[in-house]
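Shown next, in structure tokens, is the structure this report addresses.
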Amino acid sequence: MTELSYTPSEIEPRWQRIWETERTWEVSNEEDDRESSYVLVMLPYPSGEPHIGHLKVYSVGDAVAHFHRRAGKRVLNPMGYDAFGLPAENNAIKTGQHPRDSTAKSIASFQKQFREWGISIDWTREFGTHEPTYYRWTQWIFLELFKNGLAYRKDSAVNWCPNDATVLANEQVVDGKCERCGHEVEIRQLEQWFFRITDYADRLVEDLATIEWPEHVKTMQRNWIGRSEGAEVNFTCEDLQIDYPVFTTRPDTLFGATFFVMAPEHPDIERLAAGSGNEDEVREYVNRVLTTEKEERGDADRQKTGVFLGRHVTNPVNGEQLPMYVADYVLMEYGTGAIMAVPGHDQRDYDFATAYDLPIKRVVQGTPEDGGDEHGLPYPGDGPLVNSHPDFDGTPNRDALRAIVSWLDREGKGHQSVNYRLRDWLLSRQRYWGCPIPIVHCDTCGIVPVPEDQLPVVLPDIEDYAPKGKSPLAAATDWVSTTCPMCDGPARRETDTMDTFVDSSWYFLRYCDPRNDEAAWDPKVVAQWSPVDQYIGGVEHAILHLLYARFFVKALHDLGHISHDEPFSRLFTQGMILGEDGEKMSKSRGNVVSPKDIAADFGVDTARCYVLFIGPPDQDAKWDIEGVGGVHRFLTRLWRLSATVADELPDHPIPDDLAGDDLALVRKAHWAIEKVTADMAGRFAFNTAIAAVMELTNECSRAYNVGSPSPGPLRFALATAASLLFPFAPHTASDAYERLTGDRVWEEPWPASDPEFLDDDTFELVCQVNGKVRDRVSAPTDAGSAELKALALASEKLAPYLEGKTVVKEIVVPGKLVNIVVR
RNA sequence: GCGGCGGUGGCGGAACUGGUAUACGCGAUGGAUUCAAAAUCCAUUGCUCGCAAGGGCAUGUGGGUUCGAUUCCCACCCGCCGCACCA
């Protein structure tokens, strides 16, 4: 036999050239009779070179795209770059290199490597979010939202990162620290731009039921939105004749309220304290709290502090006078910034009451089965009401809750209410490398949107990127000073830029119609592709990007620009690839594996196959260089055997009268078709799909090496293996398939299994006694229960276990087993 | 604390609706080939007792349901992730 050697360095570029020159993966917006499928991987942030995580996520996306194509669908698989953002700008501050240049360099590297990976992308739709032809429409969307009251400017307490010198969205603050740089976040009172995402809180929760997303991602979104049902109840301060509504999820405990607490930021604090005799102490407390860092204040284990305001409120249910306190455990952003305190049934109120010696009253009887200690307070569980009101005492608290809320409603003292943890999305950033906010500030006309025909507002070049507490754009004075579109008077441009999550909240719409310069998209074109059928990316975007994109799509839907209202029908979140030490790959740990090196050593197909074979793709997996070798051996074996068989053996058809090893080989091929198809279609079980192709290849290899297969069946089995492997190792599979059949594998439909070959004539019947396997015998596939039972009872190995025993029961599972139960 | 996910050989991991636990790969061992090595090919490989035939034990722990449980139920332990002074 001629020694043929598997040379990815020759095979891979050769096939890539064919796909490139023939524009194989391009797809037009002309509809045909095929079903359309939009397969999308989250667009990458171009920084440096693509890493192993990119290789994995695009290997997953490409496998899905190829599978859909060969299943007869018209597939949209585009590519772009989330090109605005802080890292490029921070690099500019350090090196003076314009972010546009460093970004362009990185994009060039992505373009080159993605082609070398052989990913089946329609490159005609490519764009970066930093291109004026793209962000022109980002600005247009902003104005649409602005004109419809969904984007607004407001002065409020916001998160400020002193290191990055910009405000941050709530979603970008993790444990009181800046998500980007890890610096402690401060609270500042600033005027900023917001998107009214809270208007959509309810639908963002509700519609999770309509999409196929991993449960944990849905849960994270639900947690983040934090919907709680309860009631708003008015407490009146008789001294000042002001009503203070509070939000509570436990109106059943209203009779247990013993004091009242307001957030230090509450606008009425000063007014309430004035003349109460406690003025100085209150002011001092509030000042101290407002300068405390967010993380410290958020620590639940900290001793509760607060100050008496010198006033009282009336409890609407029983007229009791409750002392008013200001305390920092109450947050201004949630509910109404004031709470009724029920120390008997709430841990926090209990802690405060203990610290300040306030009365603690039980109004819900604990029951032992609810985990309620008869005497222990605070008791957060359920039980009958006590010490409340004759009408309610003895009533289960959940029933009393409803009754009390309707009573409050009738009396005009409160009503049912829903509260959300979600805040409006703070989108303005005091940074340079982002999409300019298309707004002009005019002393006469106020906040004026830039007219549509003047878009884009182009990001000007500047000299100094260093943040100075306001946007570096403010230094571009020629750019800043402009004329008001309404009155033609002098005006100033908005100098803040948009959060980059705005850019990535609609890019998937633009891919449908990327070269449209009349509109952001043609709604008809978007409708034919949308929503995205399969979205693929990392879990780290479970809240931020995925929530914002859902909000954008819902808002654009409501404004009549698109017909769908969820962006991504199905979501798949892939796991990370960890270094060989089991840690996250990082330069400082020195455990980084470069896709370039792996491709150079083993070829791209080995790298792609390995990252899919390593384990379930939604789970984290440790890199193992020995494992890469195993996958490489497999590809080598498949290719070399295919090439050898194509050279040596005649191209005979499969005979009609298959028998023996030939039949077994053809059966194995059909088994593999069945297995791989199910693994691809049902779930993303690429690891087991590849394992099935390995089994088929091993079978072919054994047949060739030790058996004497007929050429037809062997060629068929090998071509099937290549065909099934194509979504994972497109170059090797194309090459092997062409050698064997003369055809291009991607032009072939996905193989279909023939039921005739899926079942054998006989199967291995498992013979059990009392559930323990005692023997396995060969039985005809179509044998009935009686026949199978007889076969099992005839087994000599079963005899010793049956001797002298009474048969109690016989269970026969046709095609599987017989279980004899004896006593 | 609340919510989600997970725990299977020396290792990564298989096992569809309760029906042969450990597919596939790695590693290890033996053999073929070779002057030798690499590469390749052929075997063996959960643990344990036994010369063997054969037996016993194994899917985090303890119970339960069942003829039969990795799979279902209850309680618990451990790990990972998200949220958390959210009233």
Side-chain angles (χ1 to χ4, degrees), chain A residues 3 5 174-175 214-228 230 246-250 253 261 297-302 304 327-331 333-342 345-349 351-352 380 419-422 539-540 542-543 610 613-616 618-631 633-634 636-637 640 675 678-679 682-683 685 687-695 697-698 701-702 704-706 763-773 775-776 797 800 808-813 815-822:
Chain A
E3 215 23 66
S5 75
V174 179
D175 292 334
E215 205 44 54
H216 68 282
V217 176
K218 289 188 179 184
T219 307
M220 279 160 76
Q221 294 220 344
R222 253 182 237 116
N223 279 347
W224 187 262
I225 297 166
R227 184 191 148 97
S228 359
V246 302
F247 174 75
T248 176
T249 52
R250 295 293 305 274
T253 63
V261 192
R297 180 170 166 190
D299 183 2
D301 299 333
R302 193 164 128 257
K304 298 265 182 296
D328 68 356
Y329 79 95
V330 175
L331 310 172
E333 314 91 79
Y334 189 78
T336 61
I339 61 153
M340 66 165 193
V342 185
H345 303 281
D346 180 279
Q347 184 68 48
R348 295 152 301 177
D349 298 342
D351 293 344
F352 192 84
N419 244 280
Y420 301 93
R421 207 188 75 95
L422 183 71
V539 239
E540 64 273 19
I543 295 171
Y610 175 68
F613 179 69
I614 191 168
D618 56 338
Q619 280 169 37
D620 290 352
K622 244 191 294 184
W623 184 264
D624 173 25
I625 193 66
E626 306 284 354
V628 179
V631 170
R633 275 194 286 279
F634 154 62
T636 305
R637 198 180 308 138
R640 197 189 310 144
K675 173 75 179 150
D679 286 349
R683 43 199 192 135
N687 54 333
T688 51
I690 292 171
V693 182
M694 285 175 170
E695 280 195 57
T697 305
N698 289 347
S701 183
R702 254 191 298 276
Y704 181 86
N705 287 319
V706 295
F763 73 99
E764 202 175 59
L765 177 71
V766 171
C767 307
Q768 299 181 326
V769 178
N770 288 346
K772 280 188 191 282
V773 181
D775 197 11
R776 288 151 222 238
K797 289 184 181 169
V808 181
K809 208 171 178 180
E810 289 152 326
I811 288 117
V812 182
V813 183
K816 296 265 183 201
L817 56 77
V818 173
N819 185 15
I820 315 284
V821 186
V822 297

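Basis for what follows: all heavy atoms, side chains included, without hydrogens, waters or symmetry-related copies. The chains referred to below are lettered A, B, ... by the order of the sequence lines, with proteins before strands, and numbering in each begins at 1.
Across the P atoms, B/U48 and B/A58 are found 15 Å apart, a figure rounded to whole Å. Nucleotides B/A14 and B/G1, compared at atom C1', are 37 Å apart to the nearest Å. Taking atom C1' in both B/U45 and B/C26, one finds a spacing of 13 Å when rounded to whole Å. A gap of 41 Å separates the C1' atoms of B/G30 and B/C80, to the nearest Å. Comparing B/A21 with B/U70, their P atoms are spaced 9 Å from each other, to the whole Å. Between the P atoms of B/C67 and B/A23, the separation comes to 31 Å (whole Å). Rounded to the nearest Å, the gap between the P atom of B/G7 and that of B/C72 is 11 Å. Rounded to whole Å, the C1' atom of B/A84 lies 39 Å from the corresponding atom of B/C16.
In the interface, the side chain of A/Asn819 is paired with the base of B/C67 through a donor and an acceptor atom under 3.5 Å apart.
Look at B/G12: its glycosidic torsion is beyond 90° from 0, and that puts it in the anti range.
Whole-Å rounding puts the A/Asp620 CG to B/G13 C1' distance at 15 Å. The interatomic distance linking A/Arg222 (CZ) with B/C83 (P) rounds to 16 Å, in whole Å. What separates CG of A/Asp624 from C1' of B/G27 is a distance of 9 Å, to the nearest Å. Here B/U20 presents its P atom at 7 Å from CG of A/Leu817, a figure rounded to the nearest Å. We find that CD of A/Gln768 is positioned 16 Å from P of B/G18, with the value rounded to whole Å. Atom CD in A/Glu215 sits about 17 Å away from atom P in B/C83, given to the nearest Å. Note: NZ (A/Lys304) to P (B/A87) measures 14 Å, nearest angstrom. Spacing between atom CZ of A/Phe634 and atom P of B/G13 amounts to 20 Å, rounded to whole angstrom units.
Checking the phosphate oxygens (OP1, OP2) of B/G25, no side-chain nitrogen or oxygen of A/Arg633 falls inside 4.0 Å. For A/Asn698, a side-chain nitrogen or oxygen approaches OP1 or OP2 of B/G25 to under 4.0 Å. Considering only side-chain N and O atoms, A/Arg637 lies under 4.0 angstrom from the phosphate OP1 or OP2 of B/C41. The phosphate of B/C5 (OP1 or OP2) has no side-chain N or O of A/Lys218 nearer than 4.0 angstrom. Phosphate proximity of B/G19 to A/Lys816: absent, as no side-chain N or O sits under 4.0 Å from OP1 or OP2. Of the side-chain N and O atoms in A/Asn687, one or more sit less than 4.0 angstrom from OP1 or OP2 of B/A14. Phosphate contact (OP1/OP2 of B/A87, side-chain N/O of A/Ser228, threshold under 4.0 Å): present.
Residues A/Asp328 and A/Arg302 have side chains in contact (heavy-atom distance under 4.5 Å, counting atoms from C-beta outward). No side-chain heavy atom of A/Ile811 sits less than 4.5 Å from a side-chain heavy atom of A/Gln768. Under the 4.5 Å side-chain criterion, counting only non-hydrogen atoms from C-beta, A/Arg250 is not in contact with A/Val342. Using a 4.5 Å heavy-atom cutoff, the side chains of A/Val631 and A/Ile690 are not in contact. Proximity of A/Ile614 to A/Asn687: side-chain heavy atoms (C-beta onward) are nowhere separated by under 4.5 Å. Considering only heavy atoms from C-beta on, A/Asp618 stays 4.5 Å or farther from A/Arg683 through its side chain.
With B/G4, B/G54, B/C85 as the choices, the nucleotide that has an atom nearest any side-chain atom of A/His216 turns out to be B/G4. The side chain of A/Thr688 lies closest to B/A14 when the candidates are B/A14, B/U20, B/C67. With B/C83, B/U20, B/A87 as the candidates, the nucleotide lying closest to the side chain of A/Asn223 is B/C83. Of the candidates B/G13, B/A87, B/A15, the closest approach to any side-chain atom of A/Arg683 belongs to B/A15. Nearest nucleotide to the A/Lys809 side chain, out of B/G4, B/A84, B/C67: B/C67. Closest approach to the A/Lys772 side chain among B/C85, B/C41, B/C57 is made by B/C57 (side chain taken as heavy atoms from C-beta onward). For A/Met220, the listed nucleotide lying nearest its side chain is B/G82; candidates were B/G25, B/A23, B/G82. With distances taken from any side-chain atom of A/Glu626 to the nucleotides B/G27, B/A15, B/C85, the minimum falls on B/G27. Ranking B/C24, B/G19, B/C42 by closeness to the A/Met694 side chain, first place goes to B/C24. Which of B/C83, B/C24, B/C26 sits closest to the side chain of A/Ile543 comes down to B/C83.
The side-chain contact (heavy atoms from CB on, under 4.5 Å) test with A/Val261 is passed by exactly one of A/Val330, A/Val246, A/Asp349: A/Val330.
Here the shortest heavy-atom pairing between A/Phe352 and A/Ala327 reads CE1-CB, 3.7 Å.
Base pairing of B/G9: no nucleotide in any strand meets the Watson-Crick or G-U wobble criterion (both distances under 3.5 Å). With both pairing distances under 3.5 Å, B/C47 is matched to B/G56 as a Watson-Crick or G-U wobble pair. In this entry B/G1 has B/C83 as its Watson-Crick or G-U wobble partner, both defining distances falling under 3.5 Å. The partner of B/U40 is B/A32, judged by Watson-Crick or G-U wobble contacts that both fall below 3.5 Å.
If you check every strand for non-hydrogen atoms under 4.0 Å, A/Val330 touches a base. Within 4.0 Å (heavy atoms only), A/Val821 reaches sugar-phosphate atoms of the nucleic acid but no base atom. Using a 4.0 Å heavy-atom cutoff across all strands shown, A/Gly630 reaches sugar-phosphate atoms only and no base atom. The residue A/Glu764 sits close to a base: some heavy atom pair falls under 4.0 Å. Across all strands shown, A/Arg227 has no heavy atoms under 4.0 Å from either base or sugar-phosphate atoms. If you check every strand for non-hydrogen atoms under 4.0 Å, A/Pro214 touches nothing. A/Asp346 comes within 4.0 angstrom of no nucleic acid atom, judged by non-hydrogen atoms across all strands.
Side chain to side chain, A/Asn698 and A/Arg637 meet the donor-acceptor criterion of an N or O pair below 3.5 Å. At a cut-off of 3.5 Å, with distance as the only test, no side-chain donor of A/Asp624 or A/Tyr610 sits close to an acceptor on the other residue.
Each of A/Thr219 and A/Val773 was matched to the nucleotide of RNA chain B holding its nearest heavy atom; the match closer to the 5' end belongs to A/Thr219. The 5' end of RNA chain B is approached more closely, in terms of each residue's nearest nucleotide, by A/Val706 than by the other of A/Tyr420 and A/Val706.
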